[in-house]
Amino acid sequence: MSFKLNTKYLERFISSDELKSMELLIKKADKLLNTKQDTKNDFTGWLNLPNNYDIFEFERISLAAEKIKNMCDILIVIGIGGSYTGPRACIEALKSNFYNQLEKNTPDILFVGNNLSSDYISDIIEMCRGKDLCINVISKSGTTTEPAVAFRIFREIMDNKYGKDSNKRIFCTTDKSKGTLKILADIEKYETFVIPDNIGGRFSFLTAVGLLPIAVAGIDIHKIMEGAQTALKNSSIDNLNNDCYKYAAIRNILYNKGRSVEIFVSYQQKLSMFLEWSKQLFGESEGKDKKGIYPTSAIFSTDLHSLGQFMQDGNEILFETVLNIKSPNNDITIKKIENDFDSLNYLSSKTVSEINEKAMISTAIAHTDGNLPNIIFDIDKMDEETFGYMIYFFEKACAISAYILGVNPFDQPGVEEYKNNMFALLEKPGYEDLLDNLKQQI
């Protein structure tokens, strides 16, 4: 397994002296993260999780995954934020974007509770007709609107289909002892898994939040944890020059030079949902106190035909972070044809991955020449250990980067404001005064 920071295309943008000047800030950030000197910092349970996870809970996840595989045609995963993007990102990265169409030995996995679109939910219901179902509902409180609405709808479908036996097919990932979902699970005798109190949603992939759905997909969760363990070991303050801390420092140097937008890029479609997971991780962690690097994403070469012009020649607010998979799992060789009608015979004997690699290199050179900084992570091959490594690597880098920036990585006050407004507009009891204020703005 190899996941390496490549700074070749950063040399004209960041000097060694600038990186050296960040060392004190990195040490302070590491101390805040590890000693919890920030009084608001009570969500660092993920920090040593790869080495200290609950073995009993881990084995229960594996057993439940086997049970689900044997019971159903479709597993419905109900969750939002990291509870949605994390598992889906892993399944697509390690299996396929077309997992449900190509995998024959494991259940299809459908995601709901990640939006409030009636058309989307109706389509999922239609796809479930005539199929045996299981549900994994993921919510710490049980009251987050999107997954709560979806669970109410699909719980009714399960009760109508299976009657009193529906409880054997519903698995809840929630709080250990409190909350609406935990109370309901205890009453209905649903099997439950724990989201630890000291781990926030966007840092929760290495708990049952991410591990149960991906285990159902046939992904080796032991190897996922092994990769995360390696990332933990490699991101120690004992080696101040480690790639994780260096990436956090580079982001902040570029931010201080006016680069306020980070565009996460891959040349492999299978990483599109991982880029979505990264956007939430960094956006919710850093975007506060009127600070932060705005995270966005693109898949190349596709988006070069829509965003390439802006990136090459537009407002210089961007920097680029590229996840470069060097060896795909599958490849195709271009064949020579007689009439060369498309003038592509010059590519004969070359593979599609070779062409894709040259597209990546040529773009990096062009963007660098166009004054767009390029951070590249070279990934030898995408497998379970690499994915687990990447999850922990970016979680740690995000926390360090946020502390360097001067914000608490573990809260999200801005998100709560829109939720309160929505509750008021939907006339939820207790929000009457806010509703009166909002009516004046509508």
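For Y294, the OH atom counts as loosely surrounded, since its 6.0 Å shell holds 12 or fewer non-hydrogen atoms of other residues, nucleotides or ligands. Residue N315 places its CG atom among more than 12 non-hydrogen atoms of other residues, nucleotides or ligands, all under 6.0 Å distant. For NZ of K279, the number of neighbouring non-hydrogen atoms (other residues, nucleotides, ligands) closer than 6.0 Å is greater than 12. Counting heavy atoms of neighbouring residues, nucleotides and ligands inside a 6.0 Å radius, atom NZ of K291 exceeds 12 of them.
Ring planes of F282 and F394: perpendicular class, angle over 60° (limits at 30 and 60°). In this pair, Y389 and F3 present their aromatic rings tilted. The plane angle is within the 30 to 60° band.
The closest donor-acceptor contact from the side chain of S117 to the backbone of Y120 lies under 3.5 Å. N51 places no side-chain N or O within donor-acceptor distance of the main-chain N or O of Q229, the cut-off being under 3.5 Å. Between the side chain of S15 and the backbone N or O of E18 there is at least one donor-acceptor pair closer than 3.5 Å. When atom types are taken as modelled, the side chain of T351 and the backbone of T333 share no donor-acceptor pair closer than 3.5 angstrom. N374 contributes a side-chain N or O that, together with a main-chain N or O of L372, makes up a donor-acceptor pair within less than 3.5 Å. At distances below 3.5 Å, at least one donor-acceptor pair connects side-chain atoms of N242 with backbone N or O atoms of S236. Proximity of a side-chain donor or acceptor of T230 to a complementary backbone N or O of E226 within less than 3.5 Å is detected.
Between I91 and I214 the shortest heavy-atom distance is CG1-CG2, 4.2 Å. Shown here for C128 and L110, the closest heavy-atom pair between the two residues is SG-CD1, 4.2 Å. Contact between I404 and A29 at its shortest, heavy atoms only, is CG1-CB, 4.0 Å. Between D289 and G406, the closest heavy-atom pair is OD2-O, 4.4 Å. When all heavy atoms of L75 and N136 are compared, the closest pair comes out as CD1-N, 3.8 Å.
Here CD of Q280 is found 8.0 Å from OG of S285. Values are rounded to the nearest 0.5 Å. To the nearest 0.5 Å, the span separating CH2 on W46 from CZ on R202 amounts to 11.0 Å. Note that the OH atom of Y431 and the CG atom of N421 stand 10.0 Å from one another [nearest 0.5 Å]. With values rounded to the nearest 0.5 angstrom, I170 atom CD1 is found 5.0 Å from I135 atom CD1. Taken from CD in E146 to CG in N114, the straight-line distance is 9.0 Å, to the nearest 0.5 Å. One finds the CG atom of L281 at 4.0 Å from the SG atom of C398 (value rounded to the nearest 0.5 Å).
With hydrogens and angles left out, the side-chain atoms of T85 and E276 include no donor and acceptor closer than 3.5 Å. Side-chain atoms of D119 and S122 form no donor-acceptor pair, as typed in the model, at a separation below 3.5 Å. With hydrogens and angles left out, the side-chain atoms of N252 and S401 include a donor and acceptor closer than 3.5 Å. Side-chain contact annotation: R251 with Y255, donor-acceptor N/O pair under 3.5 Å absent. With 3.5 Å as the limit, one finds a donor-acceptor pair spanning the side chains of E316 and N371.
R60 has a carboxylate O that lies under 4.0 Å from a charged side-chain N of E57, or vice versa, which qualifies the two as a salt bridge. The residues K396 and D243 are annotated as not salt-bridged, no charged nitrogen and carboxylate oxygen being separated by less than 4.0 angstrom. Look at E11 and K8 and you find no salt bridge, because none of the NZ, NE, NH1 or NH2 atoms lies under 4.0 Å from a carboxylate O.
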- Query: Is there a side chain to side chain contact (heavy atoms under 4.5 Å, CB included) between I237 and Y245 once you walk through the steps?
  - Reply: CA-CA 8 Å; I237 192 66; Y245 286 12; 3.6 Å; yes
- Message: Using the rule given for side chain to side chain contact (heavy atoms under 4.5 Å, CB included), can you reason through S266 versus I299, listing the C-alpha separation, both sets of side-chain angles and the distance that settles it, and then say yes or no?
- Response: CA-CA 5 Å; S266 177; I299 292 292; 4.3 Å; yes
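Side-chain rings of F410 and F203 approach one another, their centers coming within less than 6.0 Å. Taking the ring centroids of F205 and F387, they lie under the 6.0 Å cut-off.
Residues V216 and P107 meet the side-chain proximity criterion, which asks for heavy atoms closer than 4.5 Å. You'll find the side chain of Q312 reaches within 4.5 Å of the side chain of H367, heavy atoms only.
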